[in-house]
Structures are given as C-alpha cells and as structure tokens.
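Notes for the one structure printed next.
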Amino acid sequence: MALEIYAYRCKKCGQLHYPFRMVCKKCGKNEVFEFDTVPLPKNGKLLTFTTVHNLPPDFNVAKLGLGMVELENGLRITGQLKIPHPTFGMAVTGKVEIVREAEYSKNYGMVFYPG
Amino acid sequence: MREVYVVGAGITSFTRLEYPLSEIAAYPAMLALKDAGLSKVDHVYVANMGGTRLNHQSGLASAVVDTLSLTPVGAEVIENGPASGASAIKTGFLAVASGLHDVVLVTSAERLREVNNLEATDFVATLSHPLAEYIYGVTLPSLAAMFTRLYMQKYGVTERHLAMVAVKNHDNALLNFFAHLHEKITLEGILDSPEAMTNNPYVAEPLRFFDCCPVSDGGACVILASAEVAKKLKKPLVRLAGVGQATDSHCVHERAEPTDLLAVRGAAAQAFKMAGVAPGDVNVAELHDAFTILEIVQSEEVGFFKKGQGHLALEKGETRIGGKIPINTAGGLKARGHPTGATGVAQAHEIVLQLRGEAGKRQVKDARIGFTCNFGGFGNNVVCLVFKRED
C-alpha cells in the first residue's frame with residue numbers, strides 16, 4: 001500500500017486543511033471531527049527552501065534540506081528536500097518516507113525530489 | 001481600569017550561569033525590590049519556558065517566592081514560549097489594573113546552558129507543529145531561513161543588511177555590562193574577508209552564525225504598582241501604557257502571505273491604540289531579533305517603517321543610537337543574549353532604564369516613549385508593550 005499524508009476536508013463547506021485542526025477555519029461551524037480525509041497530492045512547486053547545518057540530536061547527518069511546497073490543489077506543506085540545487089518555483093514531487101528516527105520512534109513524512 | 005506603573009527593575013548578566021534556576025529568578029527580583037525601595041509585594045509572577053524539561057524544576061514560582069522569603073503571597077509561572085516574559089508582564093498588568101493587587105513582582109529566568117547546544121536547539125524546536133514541522137527536523141533557525149529567503153527575493157534584503165543588524169547590535173552590547181556578547185564585529189570580518197566563511201559559517205542558509213542569537217542563561221525583573229504606590233516612591237514615573245497580544249497559525253506554511261507577520265502587526269496596533277500613541281512617537285524600541293531578519297521585519301510590521309523599507313532605514317543608520325528610532329540599544333537578543341523566558345522582561349528592563357535616563361553610555365536623549373515586541377514561536381504568539389515617561 002502506498003503511504004499517504006492526509007489533508008482534512010470540512011464536511012460542511014469543503015475547505016481543505018493541512019495539518020489537522022478540530023474546527024474548520026473557513027466556516028467555523030464544523031463540530032469536532034467532521035472532516036473527510038483526502039490524500040495530499042504529491043506534485044507541486046517549491047516556495048522556499050534552506051539547508052540546515054545545526055540539527056537536533058535525532059539527525060545523524062551534517063546537513064539537511066528543508067522546504068515549503070505549494071501542492072497541486074493549493075495546499076502547502078513543509079517537508080524535507082533531496083534536491084541538490086533547489087530554486088524558487090521549481091517543480092518537485094514527493095514521496096512518503098521515514099524522516100526522523102529516534103530510539104523508540106519512527107516518523108513518516110513527505111520528502112521532495114526534483115519533479 | 002487603574003493605571004499601572006513600573007516602579008522597580010533588575011537584571012542578571014546574560015551568559016552561562018552556574019546557579020539554580022530559582023536563584024536566577026530571585027536575584028534580579030532582589031535588585032528590583034531594592035531599586036523600588038520595597039520589601040513586600042502582593043503577588044509574584046515568574047516567566048519561564050524550559051525549567052520543567054531542561055532544569056528538572058517544576059513549580060518554579062513556589063521555589064522563587066520562598067527563596068525571596070515572600071511567602072505567603074501568591075505566585076505562579078507564566079509560560080508562553082519565548083514570549084513568556086511579556087506575557088508575565090501583561091498578567092501582572094491585569095492584576096494591578098483590575099485592582100486585585102497593588103504591587104506585583106514580575107520576574108523571569110531561563111537556564112538553557114544546563115544542556116548542550118543541540119539539545120537546546122531541539123527544545124526550542126518543540127515550539128513548531130509536532131507533526132507538520134518538528135518531525136522533519138524543522139528548527140527555529142530553519143523557519144527563519146526559509147522566511148528570509150522569501151523576504152530577500154521580494155524586498156531586496158541582502159546578507160549585508162542582515163550583517164549590518166548584527167554589527168549594530170554587537171556595538172550596542174559593548175555599552176551594556178550585562179550583555180552576553182562583548183565582542184566587536186565588523187562587516188569585513190563576518191562577510192567580506194576570505195576568512196568570513198570560517199568566522200561566520202551558515203547555520204541555515206541564508207542565515208549565518210552571526211545572524212542568530214546566542215543561547216543564554218539569565219533573568220530579569222520588573223515591579224508593577226498602582227499609581228497610589230508609585231507616586232509615594234522616589235523614582236521617575238514610568239507607566240505601562242499599552243498592552244497588545246495577537247496570535248497566528250501554528251504552521252508557518254499555512255499563512256496566506258508567508259512574508260507577513262500578522263501577529264506582530266496586530267499586537268503592536270493594539271498596544272499603540274491603548275496607549276494613545278502612534279509608532280512615529282516612539283523614541284526607543286526593543287524588538288525580538290532572535291534572527292537578524294526579524295529586527296528588520298518587525299520594524300516594518302509595528303509601523304516604524306513602510307513594509308519592505310526597514311532595511312533601507314537600517315542602511316541610513318536610523319535604527320542606531322542617535323538615529324531617528326534607536327532599536328535594541330542594549331544589544332538585542334543578538335548580543336545581549338536570549339534566555340527564552342526572560343527575554344520579554346529584559347526588554348522591558350531596558351526600556352525602563354532608557355525612560356528614566358539611567359542607561360549610561362547607551363542613553364537615548366530625552367526618551368519619553370518606549371516600545372517592546374516579544375515574539376513567541378515563529379510569530380505565532382506576540383506580545384507588545386508601550387511604556388511612557390510621566391512627569
């Protein structure tokens with residue numbers, strides 16, 4: 001099964017949210033948990049990016065690419081970048097992979113490659 | 001609402017402090033009590049962000065109030081990330097303004113250097129969204145870096161502008177005995193010379209080492225009192241005239257315009273409205289320059305300069321001591337240091353000194369209106385304060 005990251009669509013007004021929130025930010029009428037889950041699209045364009053050289057202890061690497069991506073449906077997401085020379089607005093495509101591993105935990109998240 | 005005055009102020013050196021968190025909060029409180037000429041207060045608020053996790057100290061306020069032998073007055077900890085300090089002052093303001101208390105002691109402490117640099121970075125990164133930011137390795141420098149890249153592209157800010165903020169704030173800190181970094185830096189040394197990449201490597205591109213605040217320990221305190229009490233004490237009258245607070249989305253990527261800091265704009269507008277002054281009336285300001293870019297952007301968002309023109313004002317020297325609106329006269333977070341929970345109170349401390357005319361070599365001439373902006377998370381919880389000299 002392909003791994004997905006989900007957006008949350010308000011059952012009342014259709015507004016998409018990522019990440020999860022308990023009340024719809026558009027209509028505000030949504031009671032708790034009245035959201036449909038929708039897989040986030042994988043393709044988008046790079047909004048901004050950085051290479052971090054000073055990482056928390058869980059990361060066993062010297063540097064790490066991070067960026068914000070605007071996905072096809074207009075939602076934005078923060079993710080890791082495996083792109084050697086990122087540029088503004090470049091097309092990127094995402095894959096759900098392990099992004100952070102500690103002794104007792106594994107976290108899955110979106111990793112972007114050149115699109 | 002009653003009027004609220006600042007009647008006492010105290011601060012520790014911002015550096016690595018080798019004594020317990022409760023004493024870091026109590027020491028500036030002693031200085032502030034002495035400064036005010038008071039020995040009793042009605043309530044104690046302690047601003048702190050990481051004591052529970054970093055220093056194995058929960059219920060810090062109980063420890064502080066007893067260390068000061070002020071029991072049985074009430075005491076509590078105020079935690080609001082890096083905006084804890086100004087939040088505690090705001091809480092103290094409410095207590096005095098409402099008439100519940102006449103004299104409130106607002107102290108603060110942070111001891112980040114009890115853990116190593118990477119653990120401190122990780123601790124501060126827990127401010128970000130746990131599932132949509134933190135797990136990716138997002139740290140506060142990386143959020144600031146992504147923000148800076150957009151700002152550079154949109155408004156023409158360059159690495160030279162960022163370095164100019166660092167140079168200015170290091171110069172100011174040389175005049176502040178309590179600052180963390182007493183180190184003269186030059187544009188040549190951190191940007192132009194062949195050694196610049198060694199002296200000033202990238203932390204999160206395009207932000208370099210000298211664009212980021214140091215990790216500091218420290219504490220600061222102010223004492224708030226009603227007009228009746230303040231007028232009996234023999235100190236210049238400084239009134240806490242305006243208080244404002246606003247929030248923004250937890251995830252930075254959810255903001256409609258990622259280069260806007262709407263919480264700063266909102267909090268500042270509220271504080272100015274309450275004080276009945278305009279941004280142009282401010283004589284001295286403390287902005288939250290945890291990263292050099294933030295001083296430039298906040299100077300625009302609070303209304304000192306038009307959006308996108310903060311770096312031009314910086315070039316002209318308008319934010320230096322002696323300029324049109326001196327910013328971060330004590331060195332800012334960049335060079336005074338950034339003990340997270342204590343920073344908001346330290347900012348207020350500096351403004352109180354400036355308005356009283358007690359700031360020594362860094363005194364802004366005839367300062368009568370002061371402003372502070374204390375920035376929590378990456379702009380998701382911001383508290384602004386306006387102070388006025390009266391008499």
Side-chain angles (χ1 to χ4, degrees), chain A residues 5-8 15-21 25 40 44 46-71 74-82 85-89 94 96-102 105-112, chain B residues 115-154 197 200-209 211-212 215 247-259 291 293 378:
Chain A
I5 293 185
Y6 292 94
Y8 299 85
Q15 172 74 26
L16 283 168
H17 304 86
Y18 173 77
F20 177 72
R21 56 179 66 223
K25 70 177 170 192
L40 281 178
L46 190 58
L47 282 181
T48 180
F49 51 92
T50 183
T51 307
V52 191
H53 298 262
N54 187 353
L55 286 156
D58 289 352
F59 292 86
N60 224 344
V61 291
K63 56 182 185 175
L64 181 72
L66 292 171
M68 287 180 200
V69 171
E70 187 162 305
L71 299 167
L75 279 180
R76 300 201 198 119
I77 180 170
T78 303
Q80 288 180 359
L81 303 183
K82 291 203 173 150
H85 302 290
T87 52
F88 280 113
V96 178
E97 295 175 5
I98 292 173
V99 291
R100 184 180 195 132
E101 237 180 321
S105 67
K106 263 185 200 160
N107 291 109
Y108 286 83
M110 199 79 100
V111 181
F112 288 98
Chain B
V115 298
N116 68 40
N117 143 33
L118 295 182
E119 282 175 54
T121 300
D122 187 51
F123 166 65
V124 178
T126 59
L127 285 163
S128 64
H129 193 288
L131 292 175
E133 293 179 334
Y134 177 77
I135 58 162
Y136 293 104
V138 166
T139 56
L140 270 281
S142 70
L143 288 176
M146 289 191 276
F147 178 87
T148 306
R149 213 184 274 281
L150 286 173
Y151 222 82
M152 286 175 157
Q153 194 206 26
K154 197 164 170 186
M197 274 307 282
N200 193 17
Y202 283 112
V203 172
E205 294 166 29
L207 293 181
R208 297 170 181 245
F209 182 76
D211 291 316
C212 305
V215 176
T247 53
D248 201 349
S249 72
H250 194 180
C251 279
V252 177
H253 70 236
E254 275 199 283
R255 297 180 191 162
E257 189 56 70
T259 49
F291 306 101
I293 183 73
F378 195 77

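Proteins get letters first, then strands, A, B, ... in listed order; numbering begins at 1 in each. A quick note: this is a predicted structure, and the numbers were derived from the prediction, not measured.
- At distances below 3.5 Å, not a single donor-acceptor pair connects side-chain atoms of H253(B) with backbone N or O atoms of M68(A).
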Applying salt bridge (charged side-chain N to carboxylate O under 4.0 Å, His left out) to K63(A) and E205(B), what does each step give before you reach the verdict?
CA-CA 11 Å; K63(A) 56 182 185 175; E205(B) 294 166 29; 5.6 Å; no
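- Heavy-atom minimum distance, R76(A) versus A256(B): NH2-O, 3.1 Å.
- The OH atom of Y18(A) sits 7.5 Å away from the CG atom of L131(B) when rounded to the nearest 0.5 Å.
- Heavy atoms closer than 4.5 Å to chain B are found in both the backbone and the side chain of L55(A).
- Listed by chain and number, the residues in a side-chain contact (heavy atoms from CB on, under 4.5 Å) with V99(A) are Q80(A), N107(A), V111(A), I135(B), Y136(B) (sequence neighbours excluded).
- With sequence neighbours excluded, the residues satisfying ring-ring contact (aromatic ring centres under 6.0 Å, His included) with F88(A) are F49(A).
- With T48(A) as reference, L150(B) is the one residue of T259(B), V252(B), L150(B) to meet the side chain to side chain contact (heavy atoms under 4.5 Å, CB included) rule.
- With rounding to the nearest 0.5 Å, the separation of CD in E133(B) from CG in L66(A) is 10.0 Å.
- When each of L64(A), I5(A), T78(A), N54(A) is checked for heavy-atom pairs under 4.5 Å with chain B, T78(A) comes out on top.
- Rounding to the nearest 0.5 Å gives a distance of 11.0 Å between CD of E254(B) and CD1 of I77(A).
- Interface remark: R208(B) contributes no atoms to any contact with chain A (heavy atom separation under 4.5 Å).
- Of the two parts of F123(B), neither the backbone nor the side chain holds a non-hydrogen atom closer than 4.5 Å to a non-hydrogen atom of chain A.
- Between P19(A) and H129(B) the shortest heavy-atom distance is CG-NE2, 3.3 Å.
- Using a 4.5 Å cut-off between heavy atoms, S142(B) contacts chain A through both its backbone and its side chain.
- The nearest pair of heavy atoms linking A145(B) to T50(A) is CB-OG1, 3.3 Å.
- Only the side chain of N117(B) comes within contact range of chain A, with at least one heavy atom under 4.5 Å from a heavy atom of that chain.
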